[in-house]
Amino acid sequence: MTSIALIDGNNFYVSCERVFQPELEGKPVVVLSNNDGCVVARSQEVRALGVAMGVPWFKLRDLAKQHSIIARSSNYTLYGDMSQRMHTVIGQFAPEQEIYSIDETFLDLTGFNCDLIEYGQQIRQRVRQWTGIPVCVGIGSSKTLAKLANHCAKKAHVSSMADGVTDLNQLSASGLRELFSRIEVGEVWGVGRRIKERLNGMGIETVQQLKDSSISKIKNEFNVVLARTVAELNGDACLSMEEVAPPKQQIMSSRSFGQPVFLLEDLNEAVLSYTSRAAEKLRKQNHVAGSIQVYVRTNPFKPDEPQYNNGVTVKLLNSTNNTFRLAEAALYGLKKIYKMGYAYKKAGIMLTDLCPEHQVPVDLFSGFDLPESQRAKTLMATLDEINAKMGRGTVRSAGEGVQKAWAMRSSNKSSAFTTDWEQLAVVS
DNA sequence: TCTGGGGTCCTAGGACCC
DNA sequence: TCTGGGGTCCTAGGACCC
């Protein structure tokens with residue numbers, strides 16, 4: 001039987017803070033977002049007080065005073081570093097590991113010839129001992145079930161739960177049914193607020209009811225994603241382990257401002273720093289960006305004040321990962337959307353149309369000597385090749401350039417074209 | 001006074017091509 | 001010249017995740 005484990009750091013950011021400040025242990029602690037805006041992590045003690053994720057800190061003033069809640073500003077460099085250590089330690093427990101998020105790792109434990117609950121305990125102990133981070137382990141026959149098991153390991157829903165480790169594969173059919181009938185459908189991975197509401201409207205309120213639903217019906221009423229979730233709940237592993245993280249398709253950098261910003265030059269400065277951060281990430285994955293999007297926003301929580309949201313996408317003539325070239329485009333875009341007289345609360349940029357930096361040797365003129373009737377096919381094959389090598393989004397812009405280049409070469413207007421697709425893209 | 005910062009995938013509809 | 005039906009691509013928007 002397939003056994004997938006999900007190992008997840010408990011209250012991760014809070015736990016990281018506690019590693020370096022042990023005096024926070026056992027006390028109600030929250031970690032706050034940028035500008036100390038809202039709560040992004042809560043210790044168990046704070047959860048017990050009913051504090052929800054994402055609540056603005058200022059709304060907790062009284063409660064915090066009453067219960068001596070300790071707040072820490074977030075320190076993402078620290079969390080990133082702790083995360084790496086945690087994933088490394090966990091990775092020692094199985095040959096196949098997928099790092100899913102900053103605080104979650106999947107391991108494939110299929111075929112392990114041991115008591116997996118005990119094995120899960122070993123993982124917990126070692127991670128705790130070597131990094132200081134407390135984790136829970138959930139095991140099931142699909143990723144979705146592993147996530148659910150992890151939820152059980154935390155919530156002590158299940159009697160077979162051995163202190164932070166739950167293996168759903170060890171439950172009897174009736175035990176599983178009984179357990180799933182007690183868990184709300186909204187706890188399932190992939191069922192968010194909207195879908196939960198719609199499911200409830202159809203009379204589906206528990207995990208068991210969703211599990212028992214007809215896959216084709218769910219596919220018709222919702223989509224293939226939720227249909228897959230139902231299959232996964234039934235132990236049919238549709239989502240495979242992805243050991244190598246795929247390159248990002250978009251890179252975003254944005255911030256809310258502590259104080260409202262009015263001037264273009266102040267926005268310029270913010271946008272410049274976002275662009276430089278994003279470009280750094282872009283270069284780290286050896287990609288170039290074909291477009292950059294810029295947006296600004298006023299404060300939506302102040303409906304009485306004049307509101308203005310706008311964004312613009314700037315296409316780059318040549319894909320690049322050069323900070324200055326990207327910044328130039330970003331500032332140009334910002335200038336286009338900036339309007340005087342508004343109190344801006346947030347700005348951001350996003351790099352899109354990403355593709356690998358290195359050019360592929362593709363002969364764009366292969367087939368040029370063929371009779372005209374056969375050219376189109378060859379050209380399409382060439383474009384497919386570019387698409388396959390360079391990734392989605394390359395084909396059209398290059399394609400237009402190629403066709404133009406072919407036409408010009410046919411009419412002897414120019415022979416200056418190379419086989420460099422980027423140059424040809426400029427032609428279009 | 002003070003309200004996060006990232007990402008992914010899927011779908012529907014229009015444009016365009018053959 | 002007839003102008004249909006199918007495929008593909010792009011975009012925007014909606015849902016989800018941590």
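Per chain, numbering begins at 1; letters A, B, ... match sequence-line order. All values reported here derive from a predicted model rather than from experimental measurement.
Annotation: of the two residues near DNA chain B, N35(A) and P246(A), the 5′-most nearest-nucleotide partner is N35(A). Mapping S254(A) and P260(A) onto DNA chain B by nearest heavy atom places P260(A) closer to the 5' end of the strand.
The residue L32(A) sits apart from the nucleic acid: no heavy atom pair falls under 4.0 Å. Across all strands shown, Y100(A) has heavy atoms under 4.0 Å from sugar-phosphate atoms exclusively, and none from any base. Residue-level contact check: V31(A) touches neither bases nor backbone, having no heavy atom under 4.0 Å from any strand. Among the atoms of the strands shown, only primed sugar atoms or phosphate atoms (P, OP1, OP2) are found under 4.0 Å from some heavy atom of K302(A).
S43(A) and N11(A) share no donor-acceptor pair across their side chains, judged by distance under 3.5 Å alone. Judged by distance alone, the side chains of T320(A) and N322(A) never bring a donor and an acceptor atom under 3.5 Å apart. Donor-acceptor pairing under 3.5 Å is lacking for the side chains of R255(A) and N35(A). Counting only N and O atoms by type, the side chains of S256(A) and N34(A) include no donor and acceptor under 3.5 Å apart. In this model, no donor atom of one side chain and acceptor atom of the other lie less than 3.5 Å apart for Y79(A) and Q84(A). Checking Q250(A) against T352(A) by side-chain atom types alone, no donor-acceptor pair falls below 3.5 Å. In this model, no donor atom of one side chain and acceptor atom of the other lie less than 3.5 Å apart for Q66(A) and D62(A). Under 3.5 Å, the side chains of S73(A) and D36(A) contain a donor-acceptor pair of N or O atoms. Between the side chains of R283(A) and T323(A), at least one donor N or O sits under 3.5 Å from an acceptor N or O.
Distance check on atom C1': dC17(C) versus dC2(B) gives 27 Å, rounded to whole Å.
Identified under the salt bridge (charged side-chain N to carboxylate O under 4.0 Å, His left out) test for residues 65-83 of chain A, with sequence neighbours left out: D81(A)-R85(A).
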Worked verdict on R18(A) versus E45(A) for salt bridge (Lys or Arg N to Asp or Glu O under 4.0 Å)
CA-CA 14 Å; R18(A) 281 176 169 168; E45(A) 298 78 12; 3.1 Å; yes

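Between the P atom of dC18(C) and the CG atom of N11(A) lies a distance of 14 Å, rounded to the nearest Å. In this structure, CD of Q293(A) is placed 13 Å from P of dG7(B), rounded to the nearest angstrom. Atom-to-atom, CD of E242(A) to P of dG7(B) comes out at 17 Å; the value is rounded to the nearest Å. For the pair E232(A) CD and dC9(B) C1', the computed distance is 15 Å after rounding to whole Å. Following rounding to the nearest Å, K196(A) (NZ) and dC17(C) (C1') show an atom-to-atom distance of 17 Å. Atom-to-atom, CZ of R193(A) to C1' of dA15(C) comes out at 11 Å; the value is rounded to the nearest Å. When rounded to the nearest whole Å, the span between CD of Q250(A) and C1' of dC17(C) equals 14 Å. What separates CG of N150(A) from C1' of dC17(C) is a distance of 15 Å, to the nearest Å.
Within residues 52-85 of chain A, the residues that have a heavy atom under 4.0 Å from DNA chain B are, in order of number, P56(A), F58(A). At a non-hydrogen distance threshold of 4.0 Å, D103(A), E104(A) from residues 102-109 of chain A come into contact with DNA chain C.
A salt bridge links K147(A) with E104(A): the distance from a Lys NZ or Arg NE/NH1/NH2 to an Asp or Glu carboxylate oxygen falls below 4.0 Å.
Phosphate proximity of dG4(B) to S256(A): present, with a side-chain N or O under 4.0 Å from OP1 or OP2. Using a 4.0 Å cut-off, some side-chain N or O of R277(A) falls inside it from OP1 or OP2 of dG6(B). A close approach under 4.0 Å does not occur between any side-chain nitrogen or oxygen of Q259(A) and OP1 or OP2 of dT1(B). Residue K147(A) places at least one side-chain N or O closer than 4.0 Å to OP1 or OP2 of dC18(C).
Within 6.0 Å of the OH atom in Y332(A), the count of heavy atoms belonging to other residues, nucleotides or ligands does not exceed 12.
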Listed pairs under 3.5 Å, donor-acceptor, residues 227-239 of chain A side chains, sequence neighbours left out:
| residue | atom | partner | partner atom | Å |
| --- | --- | --- | --- | --- |
| T229(A) | OG1 | V225(A) | O | 3.2 |
| E232(A) | OE1 | K143(A) | N | 3.4 |
| E232(A) | OE1 | T144(A) | N | 2.9 |
| E232(A) | OE1 | T144(A) | OG1 | 2.6 |
| E232(A) | OE2 | C238(A) | N | 2.7 |
| E232(A) | OE2 | L239(A) | N | 2.8 |
| N234(A) | ND2 | K211(A) | O | 2.9 |
| N234(A) | ND2 | V230(A) | O | 2.9 |

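Nearest nucleotide to the side chain of K281(A), out of dG7(B), dG5(B), dT3(B): dG7(B). Looking at the side chain of N34(A), the nearest of the listed nucleotides dC18(C), dT8(B), dG4(B) is dG4(B). Picking from dC16(C), dG7(B), dC9(B) the nucleotide with the shortest atom distance to the side chain of Q249(A) gives dC9(B). Of the candidates dT3(B), dC18(C), dC16(C), the closest approach to any side-chain atom of R194(A) belongs to dC16(C).
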N/O contacts under 3.5 Å, protein versus nucleotides 10-13 of chain B?
| residue | atom | partner | partner atom | Å |
| --- | --- | --- | --- | --- |
| dC10(B) | OP1 | R228(A) | NH2 | 3.3 |

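Taking the six-membered ring where the residue is Trp, F106(A) and W189(A) present tilted rings, their angle falling between 30° and 60°.
Residues P95(A) and E243(A) share a closest heavy-atom pair of O-OE1, 3.7 Å.
Base pairing in DNA chain C gives the following stems of 3 or more Watson-Crick or G-U pairs, range against range and under 3.5 Å: B:5-18 with C:5-18.
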